[in-house]
Amino acid sequence: MTPDQLESLALSLREHPNVAEKLKIAAAYSPALGVAQKIAVGDDTAAIPDGDGFLLFAAEGMMEGFIELDPWFAGYSAVMVNLSDIAAMGGTPTALVDVVWTEESSPVTSELWAGMQAASAAYGVPIVGGHTTRFGKGRTPLLAVAVVGRAKKLITSFDAKPGDTLLMAVDLRGAYRGAGTVFWNASVGSPPGRLQADLKLLPRLAEAGLLTAGKDISNGGVLGTLAMLLATSAAGAVLQLDQLPKPAGAELSRWLLSFPSYGYLLTAAPEHVDEVCREFAGSGIACAPVGSITSGKLLELAWEEQRVPFAEMDTSPSIAAVAL
């Protein structure tokens, strides 16, 4: 990749709406800061001290366009992404609840439910209730799902430190779900036992003290997720694009925006990197060092020896101040 190509890639990614939204994520946190008391705001889940561990609590809402495009997978994903959030915190999920807005006897709602039920069975986590609101005919059903879980030792996004190695762990045993989409599916159709075991890797690494921070790769792809991690950790980073684990044949620009069913950005002290990578490799999951955490606020993109600035991080102290 030439310097001009690297600069052009950085510009196109910076302007993509999914990434741009994550670069301004502090605006989404700000209403909660005054009422969160001592609970950290800005992580994958709320982590509430409880006995000798933490109660984890999170929720996800599915976008209307996603529900219209692929309602079964939207239902499946509503469960899957909540469970990923719990794992990203070093936790184990306990149960889920759903909130559905729908007209009477909607075939779309039936598809949403079929997807949720399939994911609940695949991951072995029960859906234990929720709420249904009826509205008039002709509207797209809407869905939100919430999850609770527990962690003995947290992985947070507040604790990445300069000098840490940045790692990417991702299940490449999948395919894009639909032409032109960014949904990398390595979950639907996979053995339930494997899916459940893979989620347990993160709590095991957390309890072994091998990670300093982490976040699951979400709708903003690698760059949007890294931006959120750096904002809460008040740090910068160099992301080495030529070292990213990537599906064979996938375009780099598409992969950087992709939302994998199992994907995490993690940080670790350099002496722990090999052990972390071996743990994932033992389960057939790709994991590699992809950069480093730096001081300051700058996120840089690199290809071999070339570097270009990507964005200045919003490391607002009002976010970091509520960290546990």
Enquirer: Quick test of your reading of the model: are Arg139 and Glu103 salt-bridged, counting only N-O distances below 4.0 Å?
Expert: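 A salt bridge is absent here (no side-chain N lies under 4.0 Å from a carboxylate O).
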Enquirer: When you check the gap from the basic side-chain N to the acidic O, do Asp52 and Lys152 get nearer than 4.0 Å?
Expert: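 No, no charged N to carboxylate O under 4.0 Å.
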Enquirer: Does Leu230 reach the side chain of Leu299, with side-chain heavy atoms less than 4.5 Å apart?
Expert: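 Leu230 reaches Leu299 side chain to side chain.
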Enquirer: Say whether Thr109 and Thr102, considering side chains only, have a donor N or O and an acceptor N or O under 3.5 Å apart.
Expert: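 Per modelled atom types, Thr109 and Thr102 side chains form a pair under 3.5 Å.
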Enquirer: Does the side chain of Ser84 pick up a donor-acceptor pair with the side chain of Asp216 at under 3.5 Å?
Expert: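 Side chains of Ser84 and Asp216: pair found under 3.5 Å.
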Enquirer: Would a distance-only check, ignoring hydrogens and angles, find a side-chain to backbone donor-acceptor pair under 3.5 Å from Thr294 to Ala237?
Expert: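 The answer is yes, because a donor-acceptor pair under 3.5 Å joins these two groups.
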Enquirer: Look at the side chain of Glu207 and the backbone N and O of Lys153, then say whether any donor-acceptor pair between them is shorter than 3.5 Å.
Expert: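 No.
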Enquirer: Hey, can you tell me if Phe183 and Phe259 have their rings parallel, tilted or perpendicular (30° and 60° cut-offs)?
Expert: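 Phe183 vs Phe259 ring planes: tilted.
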Enquirer: Might you work through the side chain to side chain donor-acceptor pair (under 3.5 Å) test for Thr267 and Thr212, ending with a clear yes or no?
Expert: CA-CA 5 Å; Thr267 63; Thr212 54; 2.5 Å; yes
Enquirer: Taking the six-membered ring of Tyr176 as reference, does the cationic atom of Arg254 (NZ for Lys, CZ for Arg) lie under 6.0 Å from its centre and within 45° of its axis?
Expert: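 Arg254 over Tyr176 ring: yes.
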Enquirer: Any side-chain heavy-atom pair from Met168 and Tyr264 closer than 4.5 angstrom?
Expert: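 Heavy-atom side-chain distance check fails, nothing below 4.5 Å.
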Enquirer: Specify whether Tyr76 and Phe73 have parallel, tilted or perpendicular ring planes, treating 30° as the upper limit for parallel and 60° as the lower limit for perpendicular.
Expert: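 Parallel: the ring planes of Tyr76 and Phe73 meet at under 30°.
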